[in-house]
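Report on the structure given below.
Hydrogens, waters and symmetry mates play no part in the numbers below; they use all other heavy atoms, side chains included.
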Amino acid sequence: MLREIRPAILLLLLLTAITGLAYPLAMTAIAGVIFPKQAQGSLIEKDGKVVGSALIGPGVQGRQIFPRPPVRDVGARPGRFHQDGPRSL
């Protein structure tokens, strides 16, 4: 029985090392070479202190946190897809 289980355990350990350690480390190294700024987080500094990342969060305009496109941009034609709520039928 040990003769049958041993190759399975060895293969499990080998594939775990490859997919869990070697591949992620290789991809991180390649990303650091190809995209150095993005791989480091695109940090924004102010007065020598990190204050955020250029990759996280969209620009906020005014008091609007979750901007919604106006009706004229998405096509204001009557039909099934409109911006009315469920009670406005």
Side-chain angles (χ1 to χ4, degrees):
M1 184 170 133
L2 182 60
R3 229 175 124 173
E4 297 158 354
I5 295 176
R6 186 173 178 206
I9 292 173
L10 290 175
L11 189 60
L12 173 69
L13 294 175
L14 176 68
L15 290 175
T16 300
I18 290 172
T19 60
L21 297 173
Y23 180 76
L25 289 175
M27 289 300 110
T28 302
I30 291 170
V33 171
I34 296 175
F35 306 108
K37 185 179 178 188
Q38 291 89 343
Q40 296 301 320
S42 299
L43 302 177
I44 300 172
E45 292 185 12
K46 185 175 183 180
D47 299 326
K49 189 176 181 182
V50 176
V51 294
S53 172
L55 298 174
I56 300 175
V60 177
Q61 300 172 357
R63 296 179 59 184
Q64 193 176 26
I65 296 174
F66 300 107
R68 181 176 181 178
V71 173
R72 67 180 179 275
D73 290 345
V74 293
R77 58 180 184 261
R80 182 173 163 204
F81 301 104
H82 49 78
Q83 294 186 352
D84 293 337
R87 295 176 191 249
S88 60
L89 296 176

Linking Ile, Leu, Val, Met, Phe, Trp and Tyr through side-chain heavy atoms less than 4.5 Å apart, which residues share a cluster with [X]?
X: I44; value: V51
X: L43; value: V50
X: I34; value: Y23, M27, I30, F35

Heavy-atom closest pair, residues A39 and A31
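Shortest heavy-atom contact: CB-O, 3.8 Å.
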
Partner set under side chain to side chain contact (heavy atoms under 4.5 Å, CB included) for S42, not counting sequence neighbours:
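Checked S42 against side chain to side chain contact (heavy atoms under 4.5 Å, CB included); matches are K37, Q38, S53, A54, L55.
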
With I5 via side chain to side chain contact (heavy atoms under 4.5 Å, CB included) - residues at least two apart
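Scan of I5 (side chain to side chain contact (heavy atoms under 4.5 Å, CB included), adjacent residues dropped) gives M1, I9.
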
List the atom pairs, donor and acceptor, that lie under 3.5 Å between side-chain atoms in residues 13-21 and the rest of the protein, sequence neighbours left out.
residue: T16; atom: OG1; partner: L12; partner atom: O; Å: 2.7
residue: T19; atom: OG1; partner: L15; partner atom: O; Å: 2.7

